[in-house]
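Keep in mind that what you see is a predicted model, and the values were worked out from it rather than measured. Position 1 is the first residue of the sequence; numbering continues from there. No hydrogens, no waters, no symmetry mates; every other heavy atom, side chains included, goes into these values.
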Amino acid sequence: MIDTPADTREHPTGTVVRAVLPPTADAAPPAEPPRPPKRRESRLRALDGLRLVAALMVAAYHYGGRDGEVVQAWGTSPRHQFPTLHSLFSYGCLGVQVFFVISGFVICMSGWGRPLRSFFASRASRLLPAYWAAILIITGVFALPVVAYKAAAPSDVLVNLTMLQMPLGVDRVLGVCWTLWAEIRFYALFALCVVLPGANRRRVIMFCAGWTLAAAITQGAKSPLLDIILMPEYAPYFIGGVGLYLVHRDRKDAYAWGIVAVSWLIGQHYAVDRLWHAPNDTAFSNRSAWGIILVVTFGYVAVAAIALGWMRWANWRWLTVAGALTYPFYLVHEHLGWVVIKAYHRTLGIPSYATIVLTVVTMLVLAWVLNRVVEERLTPRLRALLSTPRN
């Protein structure tokens with residue numbers, strides 16, 4: 001039944017009188033139904049917890065899963081300090097791949113429906129304050145006479161503040177900054193291809209498909225320039241995370257699941273190719289191919305479980321705090337960890353297993369200080385400064 005136009009007036013007696021009028025050719029069309037409210041993402045606290053798990057995996061690798069400068073901190077190789085667990089710790093480097101999958105999910109979520117200026121302000125204000133603080137703290141600590149590690153030259157430290165030390169060939173103050181360089185390139189690709197023209201499902205699918213194909217071609221062409229831009233070794237993890245965000249929006253999206261599956265297949269290949277080697281008694285540890293595949297699969301499955309809502313029960317508030325500590329912890333844990341390990345283990349004589357636990361706790365406390373003193377104060381100010389339009 002179609003309603004006819006009506007004239008509604010108030011009668012002098014106070015009664016509302018509704019006069020039904022005949023339809024006319026120039027009658028105003030009925031108002032459009034209100035649009036559904038914009039989709040708002042509730043905080044996925046389980047994702048915060050997974051971030052912390054990935055960071056702790058990387059810390060286990062840096063403290064007990066490899067050789068290098070950490071040998072100087074322990075006094076001997078971690079292989080001797082942790083005869084049973086050092087092989088397990090060696091898989092912790094794959095926490096970076098888990099981080100990249102998480103990043104793909106989060107960046108797609110945060111960039112959806114957001115203008116380019118806001119996206120840039122959000123990313124810059126998230127990364128830079130804690131990063132600058134970590135650069136200054138580690139430079140200052142390494143400059144102390146009692147610390148026996150080489151400090152970066154002043155000019156190199158200044159370049160490190162730009163986050164462009166990797167392509168410029170400058171000595172790194174933070175050992176983990178190579179992962180930030182990968183993140184920055186992913187942000188740039190996503191901003192230019194998705195955020196700038198406006199994020200929608202079709203555009204995101206084309207972005208994932210195009211990047212996957214271009215990265216494969218780059219690998220085959222062995223082009224250094226394209227390798228820097230398209231990152232074939234790390235692209236599958238970012239793309240997989242983006243695909244999992246599409247799954248989060250629509251779990252029945254066959255294209256999204258296809259993106260995730262292809263990304264996992266390629267990602268496990270790169271991980272095995274880079275980290276597996278034939279058994280060698282002189283090697284620090286011998287990761288198995290199946291072990292590497294299992295850890296990579298864990299990253300995809302864990303984010304998929306969160307995307308599908310299977311982890312809604314993990315909604316504890318402390319996970320939000322854990323997520324806030326993850327980034328500053330990740331920045332400072334490696335190099336400052338060497339100093340703390342030496343102090344606890346060699347100076348105070350604390351056993352190895354207790355030392356690694358105390359070092360992690362110390363770095364988490366420092367991360368909490370950086371979050372409260374630096375990030376909570378500077379991040380909103382920097383975001384506001386970068387978000388404000390200028391004439």
Novice: Where the side chain of S118 meets the backbone of R114, is there a donor-acceptor pair that is under 3.5 Å apart?
Specialist: no
Novice: Name the one of Y149, W74, Y63 that satisfies ring pair (Phe, Tyr, Trp, His ring centres under 6.0 Å) with W338?
Specialist: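 Single ring pair (Phe, Tyr, Trp, His ring centres under 6.0 Å) partner of W338 among Y149, W74, Y63: Y149.
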Novice: Using a 3.5 Å distance criterion without hydrogens, assess whether the side chain of S90 forms a donor-acceptor pair with backbone atoms of S87.
Specialist: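 Checked: pair present.
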Novice: Looking just at side-chain N and O atoms, do S103 and E183 make a donor-acceptor pair shorter than 3.5 Å?
Specialist: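 Side chains of S103 and E183: pair found under 3.5 Å.
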Novice: Please determine, by modelled atom types, if R274 and Y270 share a side-chain donor-acceptor pair under 3.5 angstrom.
Specialist: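 Short answer, no.
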Novice: Closest heavy-atom contact between I341 and A73?
Specialist: CG2-CB, 3.9 Å
Novice: Is the closest basic N to carboxylate O distance between R201 and D253 below 4.0 Å?
Specialist: yes
Novice: Is there a side chain to side chain contact (heavy atoms under 4.5 Å, CB included) between L44 and D48? Walk through the geometry before answering.
Specialist: CA-CA 7 Å; L44 302 173; D48 292 323; over 6 Å; no
Novice: Indicate yes or no for a side-chain donor-acceptor contact from R251 to the backbone of L308 under 3.5 Å, with no hydrogens or angles considered.
Specialist: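 Side chain of R251 to backbone of L308: a pair is present.
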Novice: From the options F238, Y237, F99, F105, select the one residue that forms a ring pair (Phe, Tyr, Trp, His ring centres under 6.0 Å) with F186.
Specialist: F238
Novice: Will you find, in the side chains of S288 and W276, an N or O donor that is under 3.5 Å from an N or O acceptor?
Specialist: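 S288 vs W276: no donor-acceptor pair found between side chains.
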Novice: Could you tell me the separation between the CH2 atom of W112 and the SG atom of C108, rounded to the nearest 0.5 Å?
Specialist: 5.5 Å
Novice: Which distance, rounded to the nearest 0.5 Å, do you find between the CZ of R383 and the CZ of R126?
Specialist: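 Result: 9.5 Å between the selected atoms.
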Novice: Restricting to non-hydrogen atoms, name the atom on R287 and the atom on L275 that form the minimum distance, rounded to 0.1 Å.
Specialist: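 Answer, listing the atom of R287 first, then L275: NH1-O, 3.4 Å.
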Novice: Is the backbone N or O of F119 less than 3.5 Å from a side-chain atom of S122, with the two atoms forming a donor-acceptor pair by type?
Specialist: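 Pair absent, no side-chain N/O of S122 close to backbone of F119.
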Novice: Once rounded to the nearest 0.5 Å, what's the spacing between atom CG of L56 and atom CE of M363?
Specialist: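 Nearest 0.5 Å value for the CG-CE distance: 13.0 Å.
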Novice: Determine, stepwise, if the pair I135 / L161 fulfils side chain to side chain contact (heavy atoms under 4.5 Å, CB included).
Specialist: CA-CA 7 Å; I135 291 287; L161 295 173; 3.7 Å; yes
Novice: Do any N or O atoms from the side chain of R185 and from the backbone of L230 form a donor-acceptor pair under 3.5 angstrom?
Specialist: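 Pair absent, no side-chain N/O of R185 close to backbone of L230.
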Novice: Does the Y344 side chain pair with the main chain of T359, one donor and one acceptor, at a distance under 3.5 Å?
Specialist: no
Novice: For residues S387 and R117, is any side-chain donor paired with an opposing acceptor at under 3.5 Å?
Specialist: no
Novice: Do R123 and Y187 form a cation-pi contact, if we require the NZ or CZ to be under 6.0 Å from the six-membered ring centre and within 45 degrees of the ring's axis?
Specialist: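 The answer is yes, since R123 meets both limits relative to Y187.
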Novice: Would you find more than 12 non-hydrogen atoms of other residues, nucleotides or ligands less than 6.0 Å from W316 atom CH2?
Specialist: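 Yes, the 6.0 Å shell around CH2 holds more than 12 heavy atoms from other groups.
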Novice: For Q72 and E69, indicate whether the former's side chain and the latter's backbone hold a donor-acceptor pair under 3.5 Å.
Specialist: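 It does not hold such a pair.
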Novice: Kindly compute the distance separating OG1 (T347) from NZ (K342), expressed to the nearest 0.5 Å.
Specialist: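 One gets 7.0 Å once the value is rounded to the nearest 0.5 Å.
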Novice: Determine yes or no for a side-chain-to-main-chain donor-acceptor pair under 3.5 angstrom, with W211 supplying the side chain and I239 the backbone.
Specialist: no
Novice: So, T218 and D227: side-chain donor and acceptor under 3.5 Å apart, yes or no?
Specialist: no
